[in-house]
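Since the structure comes first, as structure tokens, the remarks are kept for the end.
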Amino acid sequence: MRSLLSQLSDRVGAAFAAEGLDPGLGQVLVSSRPELAQFQCNGAMAAARQAGRPPRELAEAVAEKLRADPGPLEQIEVAGPGFLNLRIDDRFLAELIHESGADPRLGVKAASPSLTVLVDYAGPNVAKAMHVGHLRATIIGDSLARLFRFLGHKVIRDPHFGDWGLQMGQVIAAIEEQRPDLPFFDLESDGPYPDTSPVTLDDLQEIYPRSSARTESDPEWGERVRQVTVDLQQGRPGYLALWRHMKRVSEESQRQDFSALGVEFDLWFGESDVAELVSPLITDLRERGLAEESRGALVMRVELPDDKRDLPPLILETSRGAVLYGTTDLATILHRVRDLGVDLALYVVDARQSDHFELLFRAARRSGYAPDDVGLEHIRFGTMNGPDGRPFKTRAGGVVSLADLIELMTAAARRRLDEADLARSYPQAEREAIARQVGVAALKFGDLINNRVSDYSFDLERFSSFEGKTGPYLQYSAVRIRSIQRRAAGLGMDPGLVLPPTVEPERNLMLTLLQLPEVLERAGVLRAPNHIAEYAFELAAAWNRFYDACHIIDERNAERRGAWLALADLTLRTLTTVLDLLGIEVPERM
Ligand code: ARG
């Protein structure tokens, strides 16, 4: 089905065309002044410039054309300097609601062409548990992946583990220093090596920051770490065997965190998965004269003639022969484009890495590994701060692990459920599952409602509240619709045919439902889940106003009651769909 706005835009566009103007000027929008009109078109202002006629006169002329064949338009008025204010017929509205209800895609048309979109997000590192720094990447990336899939693209979700860089050398060097007797470090032997890990994740969490801090202050240690990194990258068997253990130990904990957040991946690749591509890539760049020596290192220059600032080159290989973050990222682009057929890659990564991606994408263009028709975008985001406006930390000033944060939110959700007297009499396991769902929803919605590039403050109380713009409020709204449906079904009341609305809250709910296609389109174009979050809230609020005004179960007129139940169905489907796009689950009951 065609969306309401596109149908109206066609009609108004045709009226512009009949005046000899560009039909694109007829674009119709939801009115910014709902008390005056449902829809508006501002095209006459732009048309006036093109045609050299006064805008108001043009708007009148277009309005005249529209009035001659108004179709579903019930009101066509010119206001102010030349706005067209429009209102549609209630019968038409009901028909569209009916059509949208019959459409499994809720009126959202599938993208054409359908692209292969790779979403690179989360980006945890081996030897470190995930912490709040990975939270936004995970939540935003997951939502964008869901959105692009819903819009009809083929989506590949890849976490791009940090598993091949200096941090590996940092940990291996430290373990070797402490326990040189371990078989992993015996240069005489090439295996077999112990099949249990000599370190736990907790050990790694302790070793890594210590070793990393030491590199700062102890140049000899820095040298050692760099050499170990190179040896690992060049395949020293004992290091590789130890590295595999560290990777497994880290991934186990990361998988748990992802599963607690309801986040999944299609690939489970890291930097090391392109290790074999690196050396042919470097040869290729050398042969084509794209790589050059600079102070002992091998680099690729990426500056462009009209750069406003100095950009350093992308370092491909250090003098010692180590490959860096940018090298594996470049090889990953080659792999994604050439082997996976990716048309668009979205890198959902902290804004502080902007320079890295600038260099990387330029290198990918210059080398031709990403032809111009492949999109490469850094989807950057701001920081999650604590209540004090500084990056979120524990009371003691440490980094908060993701697992602890989820636990904190779940505890808040339990308390909120008790306060609101919800789920009290349910079996313990169900109660606990609901608390988890509510806690995760609070966390995700608290994040996604913000414009992604802004920083925001984590606010446990506000995020977990059942009132206001929060995840729990939206879940609760959906659960309430479900419980109305159950009560109706228990009384033998069935959904029927949608009828034209009779009161304003009902009309407004219908109009809000029909905004879905443009909301999702906008969120997709801007790569901005906050538009979906905002819409979810508006929809829930519109439903709640409707339900206050229209007491479904008490309604005596069976046809009207059936129409309202149909509206309840569509509202619930739409709300759960948009919440799902935000990664938020709706409990069966609460
Ligand atoms: N592991 C990186 C970090 O923790 C993030 C990876 C982002 N993705 C990428 N292709 N560079 O900062």
Side-chain angles (χ1 to χ4, degrees), residues 117-142 144-145 155-171 204-205 208-209 212 229 243 246-247 250-251 253-255 257-258 263 265-275 277-278 281 302 314-316 323-337 339-340 342 344-364 369-370 374-384 391-392 399-402 452 527:
V117 180
L118 186 135
V119 189
D120 176 318
Y121 67 105
N125 298 309
V126 171
K128 295 191 238 174
M130 295 214 290
H131 56 76
V132 294
H134 298 105
L135 183 72
R136 297 210 71 190
T138 306
I139 294 179
I140 298 169
D142 182 56
L144 288 176
V155 172
I156 307 175
R157 300 166 295 184
D158 182 6
H160 197 73
F161 289 109
D163 63 0
W164 206 230
L166 199 65
Q167 82 269 26
M168 300 289 89
Q170 255 142 358
V171 190
L204 290 173
Q205 303 254 74
Y208 172 73
S212 157
T229 310
W243 170 83
M246 302 197 302
K247 207 167 136 77
S250 314
E251 284 182 10
S253 111
Q254 286 152 3
R255 277 186 199 269
D257 290 343
F258 287 139
V263 168
F265 294 93
D266 305 295
L267 299 178
W268 196 251
F269 282 168
E271 297 161 355
S272 67
D273 287 282
V274 291
L277 297 182
V278 167
L281 173 143
V302 294
L314 183 80
I315 304 177
L316 296 166
V323 302
L324 304 182
Y325 186 43
T327 328
T328 43
D329 247 337
L330 186 59
T332 302
I333 291 184
L334 175 64
H335 173 238
R336 287 174 177 172
V337 174
D339 306 334
L340 304 178
V342 167
L344 171 64
L346 303 177
Y347 291 79
V348 186
V349 186
D350 197 308
R352 282 170 294 196
Q353 294 196 28
S354 296
D355 282 349
H356 166 73
F357 287 106
E358 182 70 41
L359 298 186
L360 175 66
F361 295 163
R362 286 181 179 212
Y369 296 151
V374 171
L376 299 173
E377 293 178 29
H378 177 200
I379 307 301
R380 65 207 165 85
F381 52 81
T383 310
M384 177 173 106
F392 192 75
V399 177
V400 183
S401 78
L402 210 51
R452 92 179 131 70
R527 288 83 165 102

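Here the structure is a predicted model, which means the values were calculated and not measured. Whatever order the structure lists them in is the order used to number ligands and atoms, beginning at 1.
In this structure, Phe265 and Tyr121 have tilted ring planes: the angle between them lies in the 30° to 60° band. The aromatic rings of Phe258 and Trp268 lie perpendicular to each other, with more than 60° between the two planes, well past the 30° mark.
Residue, atom and distance of the protein heavy atom nearest to atom 12 (O) of ligand 1 are Gln353 NE2, 2.7 Å. The shortest contact between atom 8 (N) of ligand 1 and any protein heavy atom is with Asp120 OD1, 3.0 Å. In terms of protein heavy-atom proximity, atom 6 (C) of ligand 1 is closest to Tyr325 OH, 3.4 Å. From the protein, the heavy atom lying nearest to atom 4 (O) of ligand 1 is Asn125 ND2, 3.0 Å.
Proximity to Tyr347 (heavy-atom distance under 4.0 Å) selects the following atoms of ligand 1: 10 (N).
Residue Gly123 places at least one N or O, backbone or side chain, under 3.5 Å from an N or O of ligand 1. At least one N/O-N/O distance between Asp329 and ligand 1 falls below 3.5 Å.
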Only distances under 3.5 Å count here; give the side-chain donor-acceptor pairs of residues 125-133 to other protein atoms, sequence neighbours excluded, each with its distance to 0.1 Å.
unit_1, atom_1, unit_2, atom_2, d
His131, ND1, Gly133, N, 2.9

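Annotation for Arg527: atom CZ counts as buried by contact number, over 12 foreign heavy atoms lying within 6.0 Å. In the displayed structure, Ile315 atom CD1 is contacted under 6.0 Å by at most 12 heavy atoms of other residues, nucleotides or ligands.
Take Arg157 and apply the salt bridge (charged side-chain N to carboxylate O under 4.0 Å, His left out) test, not counting sequence neighbours, and it matches Asp266.
By the criterion of a heavy-atom distance under 4.0 Å, the side chain of Phe357, and not its backbone, is placed next to ligand 1.
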